[in-house]
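Computed from a predicted model, the values in this text were never measured in an experiment. Residue numbering restarts at 1 for every chain, and letters A, B, ... go by the order of the sequence lines.
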Number of protein chains: 4
Amino acid sequence: MPLTAPLRGVVPPVCTPLDADGEVDTASLARLVGHLLDGGVHGLFALGSTSEVAYLTDEQRVTALETVVETVAGRVPVLAGVIDTTTARVLDHARDAARLGADALVATAPFYTRTHPRETAAHFRRIRDRVDLPLFAYDLPVSVHTKLSGALVQELAADGTLAGLKDSSGDEGGLRRLLVALGGRTGRGTGPAPGFCVLTGSELTVDAALLAGADGVVPGLGNVDPAGYVRLYDAARAGDWDRAAREQERLAGLFAMVDAGPEAQMGRSSSALGAFKAALRLLGVIEHGATAFPQIPLDDSAVAEVGERLAAAGLLSG
Amino acid sequence: MPLTAPLRGVVPPVCTPLDADGEVDTASLARLVGHLLDGGVHGLFALGSTSEVAYLTDEQRVTALETVVETVAGRVPVLAGVIDTTTARVLDHARDAARLGADALVATAPFYTRTHPRETAAHFRRIRDRVDLPLFAYDLPVSVHTKLSGALVQELAADGTLAGLKDSSGDEGGLRRLLVALGGRTGRGTGPAPGFCVLTGSELTVDAALLAGADGVVPGLGNVDPAGYVRLYDAARAGDWDRAAREQERLAGLFAMVDAGPEAQMGRSSSALGAFKAALRLLGVIEHGATAFPQIPLDDSAVAEVGERLAAAGLLSG
Amino acid sequence: MPLTAPLRGVVPPVCTPLDADGEVDTASLARLVGHLLDGGVHGLFALGSTSEVAYLTDEQRVTALETVVETVAGRVPVLAGVIDTTTARVLDHARDAARLGADALVATAPFYTRTHPRETAAHFRRIRDRVDLPLFAYDLPVSVHTKLSGALVQELAADGTLAGLKDSSGDEGGLRRLLVALGGRTGRGTGPAPGFCVLTGSELTVDAALLAGADGVVPGLGNVDPAGYVRLYDAARAGDWDRAAREQERLAGLFAMVDAGPEAQMGRSSSALGAFKAALRLLGVIEHGATAFPQIPLDDSAVAEVGERLAAAGLLSG
Amino acid sequence: MPLTAPLRGVVPPVCTPLDADGEVDTASLARLVGHLLDGGVHGLFALGSTSEVAYLTDEQRVTALETVVETVAGRVPVLAGVIDTTTARVLDHARDAARLGADALVATAPFYTRTHPRETAAHFRRIRDRVDLPLFAYDLPVSVHTKLSGALVQELAADGTLAGLKDSSGDEGGLRRLLVALGGRTGRGTGPAPGFCVLTGSELTVDAALLAGADGVVPGLGNVDPAGYVRLYDAARAGDWDRAAREQERLAGLFAMVDAGPEAQMGRSSSALGAFKAALRLLGVIEHGATAFPQIPLDDSAVAEVGERLAAAGLLSG
């Protein structure tokens, strides 16, 4: 579904289920896509950080994106992450994504390298120039170790380089300033970048981001409870902020599953991705809960705790 | 005004006006306190970062706090920052604050040192133990370079060490998780720390923090426009989130004054504090706009830009 | 030249010359390899950070490594960087490197991801297990944003996972502690990891590292002046530390070329790589001085300054 | 002993022994000063980080400095740390230090605040201007979270603001570049800042720093084994680099005492300071091994390990 209008709504970053050999489990992935569409989501983001894109080989990336695009079959737009260190490598992924039928690209600033903001601007401009798909900037300092400045995003929004921003920076104040600079809650359409789309990746403050005028959310936890995020979004759109906040609170409680893995023994990222996948397995959506190597898997007690969180949130009968 | 009930509302961190010699300008400070009380604020935070506490000698700190306490004369609670590297030094400030009539203390984690969370917990416990005033933890990683974990804050809230938290970490997701763990928007009173007070220091996302259940805000920009923040707070309390968000947007526009100082030539902190003080001078509240040495002052063109922001926000007739 | 004994000496990370279209200029690369071998170097490191590996597509990486291996023709060992985010992606590069005839692999810790030390250990173990070539750990926190602890390196050295370490962490104190733990300047052969090779990537403190017992150096600046680094190494081996230090001083002066690019207008990395390539062009070794996109190129005045540095160091007749 | 010539040699940062009440144990401190002078040190640095300056009240700082100055009685120069957040507060300490008879001041860049390099330069200039004692810059990013650039140090050295630098940045490459820019190992006297003194605070790479042309060292571990550092220094001055390196190796082995405290249960800083003090107690120099609150003390097993390190280094009969 081509992005003819700005994307709005809930756009989960799709987990990539793996089989016992660590290969992409396409049957589980197709079921997961169905689970998300059944939940009412407005788009899908394949090959993002939550998809473990950094752990997938090029071949596995193709398999995963292909499966998502084919299963979606045009019902909602599919954004494809094109995550790699620098421009030329990103372009290789971008061409794959275009060929496979993605509706938009999502690229970070260069990483591993030390890159000047002027170089980052050139990076996004060349991606937009070379592959004819709408381009989202993915602001993810926790992974790429630079923050996209508001000024840079505004410049690239105004000149048409960027179709949107996925803001996973955690800098909610900066996000607010950006939204106000783009015209604010009611003036975006007549602002400097009328069709520009702002999605937050901060899954615990979605009510806040929508209240501030963001267009939507890319929630990792949305893999587990897409319908919850859709309810949150619908309440916000209806101006029922109390209902939105209550839903957000329930989801924040559910999110605590990311702490199930013992902190001293595994990374916070492995713990979060492991919890989402364990939850999807407990819900019967995917077959295995494995995360990609070398991530340490959740142990049985952690998986049990994930189950308790699901039950407490009303997603699993105890 | 002793803190018998949890503090709620707008609690600006009071700027410390300086005279031409760099000494505390007590007349201007008294006028500023009056300006804030006239704006309807619910408390004042003296000797915080916005007060340039790190630039003031011990003697100047005493003068500033004394002036605030005497001018307030019990009309609202006065929180006093007790900012220093470690426990023994903080206690010296805490005893001063108690003697001068502060209603509560605000302390950060140790800084300059490298401190383990268990040591940080002991630090707060000893402060609470040695000086009998309600104690707020000031979570300010940008200055002290450690983040107070949600688990630590919960522990110190539940055992009565802390009366509250001033969260200037910028981690809105973490704040949401904390609020939910404390009982959420409606369950705080029956949660693990019923009287615990959560104030956000993120002045650009106050509507969001209040929607999430925070009790109030400590906005640096509230020096310039206290009435605006009070309107924002009142709208939120009334459940009129659209009005709250509109007010927040106006304040976010006003906040852009912090960029008036040229980034290549001065620190972001000098630029922000210089802008607030320039605005207060233009508004006729304080006599000089000087920030403490060695902060670089705003030049004339930056001051003019501050004036334009004031005019655009309706605070100064162009 | 298979690594049958621990590698010792000067092992420059080979720059990757590019042509006007941004493709690998294999003729220039072959000349550069000749220049380095003529300078007396003891090994070559292809596809490292100085090789702009993060900017090269997979195809370009193959071309570059192939050119280096073929030109070297077994005269010295060739180490191949296998730089990618996580294990599975690294293994794809490692298989390429083995096929192309590299003598050893050089891998960093995972990056982009947040990875626990236990996961990092598993990462190195699997690489060693799956591709049968000696494996060097590349400790490069400036790029991967984690530091390999001395304890982890010792563990992986002692159990045979790692053949060596390329230490570009800049933590010279940590390097000293590691060397002492491995047996010190005279006891390495009877220490816990007798054949383990320690190379420093800190090109300004090579005399110090050799005095501390390091086996060799991987100097980016060695592209420009390989003979200088070989003289430094030879002086150190001969125990003539004053001569080694004098040579290091001359090279530190030459290194100042990395500041030729204006700091406000380009990244420090672009500036350094641009300077090395400009120098190689001025020396007649490579045809173009271009760095890979999106790095900002040096301007004429910066190139002129590079020329002055070369002249001052006696490498170019003014 | 006034600093009429550049300071050279071993200048330990003097630990501050505490009694059972956490007060400065002046008798132990005097014994420690004697222990250091007996070891042949060339100067003393009171009120540095190793002195736990950040934990001492103003009154305790005065007591500690007074004790050091009086015990030294002019036999070697005494440098006094004047550690506080910003200029006005530093000046208060500087006036105390001058009054108490310190021979030089040691100040860091401002901390807690966010400070522009131009502001940092003004900070050092005003300290030099207001208190007439030679001024050393203390480059300690681990505590103050900014690094003094080589360019800034050169500027302040050349214009006479700074008499010297204590470099605890760990950036040995940057230190080498600075030394070369100041004239190098043999040209310092005719360089841009002839009398400028460069001391390294990196106690594990002293041989390297001296080989590079540094004037001396400020080793925390020098509290425990001053004679060892003096032997290292003497060997280096005599050009016997192998002997210097052997001594450094022995000291690096001794330094491993800082890991005696369990990492999961205490900060690295508490562990290091606790180990030094435990060692001094075991050596009979000071009475109590306590570190300042809220640092977690070493447990018995850690103290026993410190004893083993002392024995292994030949400082304590097993």
Under 4.5 Å from any heavy atom of chain D - which part of C:Ala209:
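The answer is neither part of C:Ala209.
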
Counting only non-hydrogen atoms closer than 4.5 Å, does C:Ala245 touch chain D with its backbone (N, CA, C, O), its side chain (CB onward), both, or neither?
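It is both, since atoms from each part get that close.
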
Got a second to check how far [X]'s [atom1] is from [Y]'s [atom2], nearest 0.5 Å?
X        : Y        : atom1 : atom2 : result
C:Asp207 : D:Leu211 : CG    : CG    : 4.5 Å
D:Leu179 : C:Leu204 : CG    : CG    : 11.5 Å
C:Glu172 : D:Arg176 : CD    : CZ    : 11.0 Å

Can you say whether D:Ala256 sits under 4.5 Å from chain C via the side chain, the backbone, both, or neither, judging by heavy atoms?
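Interface part for D:Ala256: both.
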
Closest non-hydrogen atom pair between C:Val258 and D:Arg177, with its separation:
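Answer, listing the atom of C:Val258 first, then D:Arg177: CG2-NH1, 4.0 Å.
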
Could you tell me which non-hydrogen atom of C:Ala252 sits nearest to which non-hydrogen atom of D:Val180, and how far apart they are?
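That closest heavy-atom pairing would be CB-CG2, 3.9 Å.
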
Any side-chain heavy-atom pair from C:Trp241 and D:Asp242 closer than 4.5 angstrom?
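Result yes, sub-4.5 Å side-chain heavy-atom pair found.
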
Options C:Ser202, C:Gly184, C:Ala212, ranked by heavy-atom pairs under 4.5 Å with chain D, top entry:
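Of the options given, most contacts go to C:Gly184.
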
